[in-house]
S.K.: 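Got a structure for you, questions after.
Computed from a predicted model, the values in this text were never measured in an experiment. Below, chain A is the first sequence line, B the second, and so on; all start at residue 1.
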Amino acid sequence: MQPVTEQPQLLEIRGLTKSFPGVQALDHVNFTLHAGEIHGLLGENGAGKSTLIKVLTGVFRRDGGTIRLEGQDVAARDPADALSLGIGTVYQEVNLLPNLSVAENLFIGRQPHRFGLVRTGEMRRRASELLAGYGLDIDVANPLSSYSVAIQQIVAIARAVDLSAKVLILDEPTASLDAQEVETLFGILRRLKSRGIGIVFVTHFLDQVYAVCDRITVLRNGRLVGSRPIAELPRIELVSMMLGRELAAEALHRNQRPAVTGEPLVAFRNYGKSRLIEPFDLALRPGEVVGLAGLLGSGRTETAKLVFGIERADGGQAFVDGRPVRLATPRDAARLRFGFTPEDRKTEGIVAELSIRENIVLALQAQRGWLHKIPRAKQDEIASRFIKLLDIRTPDAEKPIGLLSGGNQQKALLARWLATEPRFLILDEPTRGIDVGAHAEIIRLIERLCEDGLALLVISSELEEIASYSDRVVVLRDRRHVRELSGDEVSADTIMTTIASHS
Amino acid sequence: MIRRHLPVLITLAVFIVGYLICLAQFPSFASTRVIGNLLTDNAFLGIVAVGMTFVILSGGIDLSVGSVIAFTGVFLAVAIERYGLNPYLAFLLVLGLAAMFGAGMGLLIHAFQIPAFIVTLAGMFLARGLCFVLTTDSIPINAPAYGQITDIAFALPGGGRLTFIAIVMLVTFAAGIVLAHFTRFGANVYALGGNRTSAELMGVPVGKTTIRIYMLSSLLAALAGIVFSFYTSAGYSLAATGVELDTIAAVVIGGTLLTGGYGTIIGTLIGVLIQGLIQTYITFEGTLSSWWTKIAIGALLFAFIVLQRGLSAASVRSRST
Ligand SMILES: Nc1ncnc2c1ncn2[C@@H]1O[C@H](COP(=O)(O)OP(=O)(O)OP(=O)(O)O)[C@@H](O)[C@H]1O
Ligand SMILES: [Mg+2]
């Protein structure tokens, strides 16, 4: 690796300040990006990473500070302006336009045209050419929504780079990619880097930081903690920079416990739905954590949806406390005191306009029926308890949840189900987009819940993590439950080999 | 490919089936006379529907179009008959006024982030109110230019006539298709309907596009108003009430999603023709009250909305992992 500091300074931010009502999101932050480097921007949920990016790209106006691009003072008025200055961004929450074709997404606003008419053929040809440079061979006339998130992500990057080839900013681009897709993405980033593009990369995955970044900058509570070359930064030091406290290595691991015995709380026999997931058997005892592991698309989320009644099984039987039950809708599931936190918090869970308090009590209120309104004092009590318990970073519980940082929204969603005191809880990627500190807390929380007799079904792509807290792990492949690991078999290695093995 | 065009294909299938049913009962449906009339009678509806398609594609709605049609008629009648204005000058004037009116609504929607529903509802009352300010009577228009224009028609083989106003409608549709599918403006309209925030972040000029969309809608409503005044040769304050709803129905039956982002102009043309077909059938039938038109359209609309929900749910499911 070449010493990146010798490259010219591309972007220089000094004393950047931005506050929202009640929050100092950025407090005199400095940040320097060199040409041809990949720069990790790290920090806990709500540290101000997304805000920094949005100020830089003109989504928000800054309160103070200077931004220099190649020595020139710049102030982007809006993202389009930032693009024309040379700063391209792939944002955390929203990206492209799912209803437009891939080609249109790449070229909107600058379609090749003649006599005022768009030359569609020419546009498609160029789009195919552009994507071929990223190793992508797809029909660019199809709507973007017909492709996977990974492909959409690459399209977004291709667009940003093609538009402005100086600075590329990626806000948590890997959150919903699987391991192989992440590798592809990294290949692309390295190639762009060698072309002299400066890349800002926001992520919560430390492995990824060490895999691609040259330098990192850490923010905490809107302040700059430090900026260091990654080569000379031990992992544990990085973590303590992020948290501002020492995180014991074992904090991420669950205490060794005796195997759970007793009658199953919930059981599914020969449960399945054609075309969605093959029939499976699954049983959970009180206090037990069962992990679902497998690649994206292996049927993990489908299993969860079936078990929670979002999809209706077309075969098999479900039992609670040994008695057969009807489980055709999420309402049935809620009545049986099941809980479910979905994977895609943006589209499936959060009601952005409602306050944090309202979002937290939503499931509980629905369970009690809308006629029996939970008294306000009780609502406040519940909300503040969970805000404290999960360390949700917010000035108060009345803020619209949409204004929280991505990871904090995720925590609030978890709080919603915990508030209902479920007996059986399904968590789909509970730690996605959540920082290390909160990670550990969520795992500890899972532990505590189990001691109270909760049965938990957890889906996660992080094998280490799933191995650390699960009593048993079900491995899925191609929409089938292929194997159940228990006892000493539960380890990241075994899970990996099971996923990879052919049968 | 097929999946993408499914809504339009279904609309087309409904039209063909409907036409065949009509044909089976009344063989004269094959005559160019009936077809010519179908086009002429629905010309004004078609023209507004083109504008409405743009509005709905962008995720908005325009409730003011019926009132703008009425206002146009009243304005023309008053300007031409009372003040002796040259009809062609009056046309230009009213088109200009309407464009300004639409741009104003678009500006309000964008600048203050007020839902289009509310702004255009206010626009609807405003334009209707202005009609009554001008006159409360129905004023016949007798200008010779009107006679000349309505006389323009191409004879079709078989006794039918392709009238001038039908041609205006077809040209409007052709222009709409080009505008929607082959210009940057068109792509921006779809972008707005797909996701406003994304569109903004991608550098789509949201404000400018919003203003132009409502400007276009009002402009076409005024054009429809002119055509309507050829058709009725009068201006009347209470004319074209509820036309906004017929228009929205035509757009939705034409396969455009009410939530925006998906749809085509050609689908709207078929949607308009389906409505016309139902009306013609009921006229031919003779014993049915004209309210059956509304009932049939209501049922169709309902079926189409359910169908669209089903289709979009199916496409989401086919993609999820
Ligand atoms: N539009 C807004 N209005 C009010 N407050 C906001 C707004 N956007 C962000 N904030 C607040 O600013 C702080 C920083 O948020 P930001 O989104 O930058 O965090 P982040 O570092 O990106 O976190 P995450 O890792 O969870 O995405 C948070 O406390 C958040 O609630
Ligand atoms: Mg963020």
S.K.: Check whether more than 12 heavy atoms from other residues, nucleotides or ligands sit under 6.0 Å from atom CZ of R312(A), and answer yes or no.
M.R.: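 Counting other residues, nucleotides and ligands, CZ of R312(A) stays at 12 neighbours or fewer.
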S.K.: Do you know the tightest heavy-atom contact between L97(A) and A199(B)?
M.R.: CD2-N, 4.0 Å
S.K.: What pairs with E104(A) under side chain to side chain donor-acceptor pair (under 3.5 Å), at least two apart in sequence or on another chain?
M.R.: S101(A)
S.K.: Roughly how far apart are I108(A) CD1 and M202(B) CE, rounded to 0.5 Å?
M.R.: 6.0 Å
S.K.: At a heavy-atom distance under 4.5 Å, which candidate from A187(B), G193(B), P205(B) has the highest pair count against chain A?
M.R.: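 The option with the most such pairs is A187(B).
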S.K.: For chain B, which of P79(A), S84(A), G116(A), P98(A) has the most heavy-atom pairs under 4.5 Å?
M.R.: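 Winner by heavy-atom pair count: P79(A).
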S.K.: Tabulate, in ascending numerical order, the residues of residues 167-182 of chain B having at least one heavy atom closer than 4.5 Å to a heavy atom of chain A, or enter 'none'.
M.R.: V178(B), F182(B)
S.K.: Specify the closest pair of heavy atoms between S145(A) and Y262(B), including all atoms of both residues, with the distance to one decimal.
M.R.: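 Taking S145(A) first and Y262(B) second, the nearest heavy atoms are OG-OH, 4.1 Å.
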S.K.: Could you tell me which portion of R159(A) (side chain, backbone, both or neither) has an atom closer than 4.5 angstrom to a non-hydrogen atom of chain B?
M.R.: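 Side chain of R159(A) only, per the 4.5 Å heavy-atom cut-off to chain B.
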S.K.: Between N99(A) (side chain only) and Y190(B) (backbone N and O only), is there a donor and an acceptor less than 3.5 Å apart?
M.R.: yes
S.K.: Check this for me: R77(A), atom CZ, are more than 12 non-hydrogen atoms of other residues, nucleotides or ligands nearer than 6.0 Å?
M.R.: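 12 or below, so no.
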S.K.: Supply the atom-to-atom distance T57(A) OG1 to L201(B) CG, rounded to the nearest 0.5 angstrom.
M.R.: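 Taking OG1 in T57(A) and CG in L201(B), the distance rounds to 7.5 Å.
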S.K.: For N105(A), which atoms come within 4.5 Å of any heavy atom of chain B: side chain, backbone, both, or neither?
M.R.: both
S.K.: Does any N or O in the side chain of R184(B) come within less than 3.5 Å of the main-chain N or O of H113(A), such that one atom is a donor and the other an acceptor?
M.R.: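 Flag not set: sc R184(B) to bb H113(A) has no pair under 3.5 Å.
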S.K.: Which region of L100(A), side chain (C-beta onward) or backbone (N, CA, C, O), has a non-hydrogen atom less than 4.5 Å from a non-hydrogen atom of chain B, or is it both or neither?
M.R.: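 The side chain, not the backbone.
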